[in-house]
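Beneath this line is the structure, given in structure tokens, with notes to follow.
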Amino acid sequence: MRKIQITTKGIKKSLKKFTYLQSIAEYIWNGFDAKATHVDIETIHSELNAITEIRITDNGYGINLNDLECKFTPFFESEKQIDPNTQHRNIQSATHGKNGIGRLTFHRFCTEAEWITTYRDGSINRKYSIRVKENSLDIYEHDEPEVVDTGTGTLVVLKGITYPDVNISEIKKFLCKEFGWFLELHTEKQFAININGERLDYSVIIGEIDFINFHYAPTNIVFDVKYIRWDEKMNQEYSKYYFMDAEGNEKYKINTSLNNKGDSFYHSVYIQSAVFNQFDFGEIQEGQQTLFGYSQNSEEYKFLMESLNKYLREKRKPFLIKFANTVIEDFKVVKAFPDYGKNSWDETRRVELENLIREMYQVEPRIFSKLNVEQKKTFVRFLDLIMDAGEQERLFDILAGIVELSSDERNELADILKTNRLSNIVKTIRLIQDRFKAVNDLRQLVYDDKLMANEVDHVQKFIEKHYWIFGEQYHLVTAAEPKFEEALRRYVHLLSGELIDGHIDHPDKRKEMDIFMVRWDKQIDVIRNVVVELKHPSIRLGKKQFDQVINYLQVILNQEEFNSSQMQWEFILVGNKLDGTGYIEQLFENAANHGERSRGLAFKTGKYKVYIKTWADIFSEFEIKHKFLEEKLQLERAQLSERYKHAGDIIDKLDSSSATMPGQYVIQQTNL
């Protein structure tokens, strides 16, 4: 029997902040600290299904009898509390124990703990037991070891569960947040935690996972990177970079630059490269070189860190945009915004204030964290007063005292505040950039066969979000699925507010228009209607496709609601190429006397026109329309281009662009 160098009372006081979940996690960490690759948790239940015992088994190297005293006799006498939520983490993810005292946390939820451990002693394995009770934590007992032929490892038996609410689901959720980053770090070594025979599935808290590599061309060095964004904050681990050698062994870890930003952007980045086989992570003076391997002064490392930081900032952008909008909606719910009138001037002030908040959040989310309702109201109305007085620069001075910003963040925030009256110009420039990028993406969809784009899932969905390509300031009435009768109902409701049955008596009434949009130019009292028919990139345009558009025209001609004196109609058939039969070319010749040959006019009767265009025509029209703006803005077109592996990758990113348009018109019951 040996006595621990601190009293039972002192131990309990020191470990007062531990929950039963943190205690279980501590025993698992002890296993991994002992070089285990697998930890198994088994729960023993009573007849009423209450958990009465927990057994935690690892395949580590066990507890050598010669080391027992230093592991169960902590070398401190203080009764200072240990907070499991703020404990220090080393530069590697190895040792997590607390000089033995962590092994005594069981008293927080059970009456007794037993360690049955097997360790290697020379050429043989020895096994023995250690026992500690809740009412005498400063005393432990152990048996004499016996020779066994089983493998090394430790079984911890936690007996006499006293906490009534031990819950398996709660344990799993906690362990996901405790060990998810660690298990992901050791995927190549297949580390695992099993609970009652079922492997812990921490993928439930992974929000995004991405694989990328950075190539440093001058020395042909490749860094393989795995990025994970977590939906929930890890229990104790910050967002970090983990550096691993070519064999996948962790060599070092450091915090990323995006911790504690108040934006819930939790992430782990794992970097593997032969560079870290021999790497000096110590502090080295500028210009000083290592004799062997690499250091933080190496050009390869500088390239890596610059690439990683840029990559993370890009990953964070859509995340911040999403949360910025959430912040604004929250401000609206608590009525933090001033009561604006309904005139155009007040509407402009409201939009500018929202934009200011949105942009400030994207630069420094911490400004908006932990505000109560009154603080939210005060802060938002303070911003409104500052904007109204044109004192944005003074606002920056005040905010600089509220939160500590980096130099880059201060400069960016200062620029935003100084130029906020030009925010609409900034948004317009961003819109132009996003439109150029959208057109580049569309080019890939319709021209790059490797993307395997099809009409319905890709081209159609893309145009639904970017129907500005066929005209500005239009409302999208229908896209793809709704039949003509539903299109008629929406059309009439949009223009007049009236709700009709929408009955159409025509054999083609069940056909579906790919894109149907309308714009009412009230100054000249003209209602402009556009119907677009999109064809699969592999389909060539000919008589069959033209007749399909003519069928749409006939349905519309047959319905009086579509034929008032102020309505004009354009039908646009779009595909990659003509079919080579000469049929479409003849239509162009016949319509040439209307003077619109260059625009692809193929048919005209009264207020109805049919155009046939290739995607090359569409792209050419866009370039001509935007050429002046591109020259003035000097856009770096190459930087706006992104290469994709599949058409679905383009569709997945549609909502992240400012160039996307509102969806189909929906009849709201409140409008009736």
I'd like to know whether Asn167 forms a side chain to side chain donor-acceptor pair (under 3.5 Å) with Tyr20, so could you lay out the CA-CA distance, the side-chain angles of the two residues, the decisive distance to 0.1 Å, and finally the verdict.
CA-CA 10 Å; Asn167 180 280; Tyr20 87 92; 5.9 Å; no
When you look at Leu308 and Thr256, which way does the side-chain contact (heavy atoms from CB on, under 4.5 Å) test go after all the steps?
CA-CA 9 Å; Leu308 285 173; Thr256 73; over 6 Å; no
I would like to know whether Ile161 and Phe109 meet side-chain contact (heavy atoms from CB on, under 4.5 Å); could you show each step before the answer?
CA-CA 6 Å; Ile161 303 294; Phe109 69 103; 3.8 Å; yes
Stepwise, does the side-chain contact (heavy atoms from CB on, under 4.5 Å) test hold for Asp330 with Phe368?
CA-CA 11 Å; Asp330 177 60; Phe368 301 90; over 6 Å; no
side-chain contact (heavy atoms from CB on, under 4.5 Å) between Tyr227 and Leu312: does it pass, once the steps are laid out?
CA-CA 9 Å; Tyr227 156 85; Leu312 274 188; 3.7 Å; yes
Verify ring pair (Phe, Tyr, Trp, His ring centres under 6.0 Å) between Phe179 and Phe191, making sure each step is shown before the conclusion.
CA-CA 10 Å; Phe179 292 97; Phe191 278 30; over 10 Å; no
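Counting heavy atoms from C-beta outward, Phe32 and Ile193 have side chains that approach closer than 4.5 Å. Contact check for Leu383 versus Phe379: side-chain heavy atoms found under the 4.5 Å cut-off. In this structure the side chain of Leu185 never reaches within 4.5 angstrom of the side chain of Lys240, judged on heavy atoms. Between Asn309 and Tyr241 the shortest side-chain heavy-atom distance falls below 4.5 Å. Between Leu65 and Asp121, the closest side-chain pair of non-hydrogen atoms is not below 4.5 Å. In this structure the side chain of Ile195 reaches within 4.5 angstrom of the side chain of Lys172, judged on heavy atoms. Looking at heavy atoms from C-beta onward, Leu304 lies out of side-chain contact with Val275 at the 4.5 angstrom threshold. With contacts defined as side-chain heavy-atom distances shorter than 4.5 Å, the pair Gln22/Thr105 does not qualify.
Closest heavy-atom contact between Val204 and Cys176: CG2-SG, 4.2 Å. Closest non-hydrogen pair, Tyr270 versus Glu184, comes out as OH-CB, 3.5 Å. The nearest pair of heavy atoms linking Tyr644 to Asp649 is CD2-CB, 3.7 Å. Here the shortest heavy-atom pairing between Asp224 and Val222 reads OD1-CG1, 3.8 Å. The minimum heavy-atom distance linking Tyr119 with Ile63 is given by the pair CD2-O, 3.5 Å. Of all heavy-atom pairs spanning Ile221 and Ser273, the tightest one is CG2-OG, 4.0 Å.
In this structure a side-chain-to-backbone donor-acceptor pair under 3.5 Å is present from Arg108 to Phe18. Looking only at distances, a side-chain donor or acceptor of Asn372 sits under 3.5 Å from a matching main-chain atom of Gln375. Side chain of Asn259 to main chain of Ser239: a donor-acceptor pair is present (N/O by atom type, distance under 3.5 Å, no hydrogens or angles). With Ser295 contributing its side chain and Asn297 its backbone, the two residues share a donor-acceptor pair below 3.5 Å. Side chain of Gln236 to main chain of Glu178: no donor-acceptor pair is present (N/O by atom type, distance under 3.5 Å, no hydrogens or angles). No donor-acceptor pair closer than 3.5 Å links the side chain of Arg358 to the backbone N or O of Asn325. Listed for the Gln272 side chain is a donor-acceptor partner under 3.5 Å among the backbone atoms of Ala246. One N or O on the side chain of Tyr27 and one on the backbone of Phe106 form a donor-acceptor pair closer than 3.5 Å. Here the side chain of Ser307 pairs no donor or acceptor atom with the backbone of Phe214 at under 3.5 angstrom. In this structure a side-chain-to-backbone donor-acceptor pair under 3.5 Å is missing from Glu314 to Tyr311.
Environment of NZ in Lys377: crowded, with over 12 heavy atoms of neighbouring residues, nucleotides or ligands closer than 6.0 Å. The local environment of NZ in Lys226 is crowded, with over 12 non-hydrogen atoms from other residues, nucleotides or ligands closer than 6.0 Å. Counting heavy atoms of neighbouring residues, nucleotides and ligands inside a 6.0 Å radius, atom NZ of Lys189 exceeds 12 of them. In Glu306, the CD atom is not crowded: 12 or fewer heavy atoms of neighbouring residues, nucleotides or ligands sit closer than 6.0 Å. At most 12 non-hydrogen atoms from other residues, nucleotides or ligands lie less than 6.0 angstrom from CD of Glu247. Under a cut-off of 6.0 angstrom, the local environment of CG in Asp165 is crowded, with over 12 non-hydrogen atoms contributed by other residues, nucleotides or ligands.
Under 4.0 Å is where a charged nitrogen must lie from a carboxylate oxygen, and between Lys332 and Glu354 at least one such pair does. A salt bridge is defined here as a Lys NZ or Arg NE, NH1 or NH2 lying under 4.0 Å from an Asp or Glu carboxylate O, and Lys35 with Asp33 fails to meet this definition. In summary, Arg131 and Asp143 engage in a salt bridge, as defined by a charged side-chain N under 4.0 Å from a carboxylate O. Taking the charged nitrogens against the carboxylate oxygens, Glu237 and Lys253 do have a contact shorter than 4.0 Å, which makes a salt bridge.
Note that CG of Asp210 and NE2 of His267 are 13.5 Å apart. Values are rounded to the nearest 0.5 Å. The OG atom of Ser268 sits 5.5 Å away from the CH2 atom of Trp230 when rounded to the nearest 0.5 Å. In this structure, the separation between CG on Leu158 and CH2 on Trp115 is 7.5 Å, given to the nearest 0.5 Å. Taken from NE2 in His45 to CD in Glu47, the straight-line distance is 13.5 Å, to the nearest 0.5 Å. With rounding to the nearest 0.5 Å, the separation of OH in Tyr128 from OG1 in Thr117 is 6.0 Å. Asn59 contributes atom CG, which lies 4.0 Å from atom OG1 of Thr37 (distance to the nearest 0.5 angstrom).
Under 3.5 Å, the side chains of Arg120 and Asn125 contain a donor-acceptor pair of N or O atoms. Side-chain polar atoms of Thr43 and Asn196 form a donor-acceptor pair below 3.5 angstrom.
Ring pair Tyr202/Trp181: centre-to-centre distance not below 6.0 Å. A ring-centre distance under 6.0 Å is found for Phe243 and Phe281.
When each of Lys159, Arg103, Lys133, Arg55 is tested with Glu114 by the rule salt bridge (charged side-chain N to carboxylate O under 4.0 Å, His left out), just one qualifies, namely Lys159.
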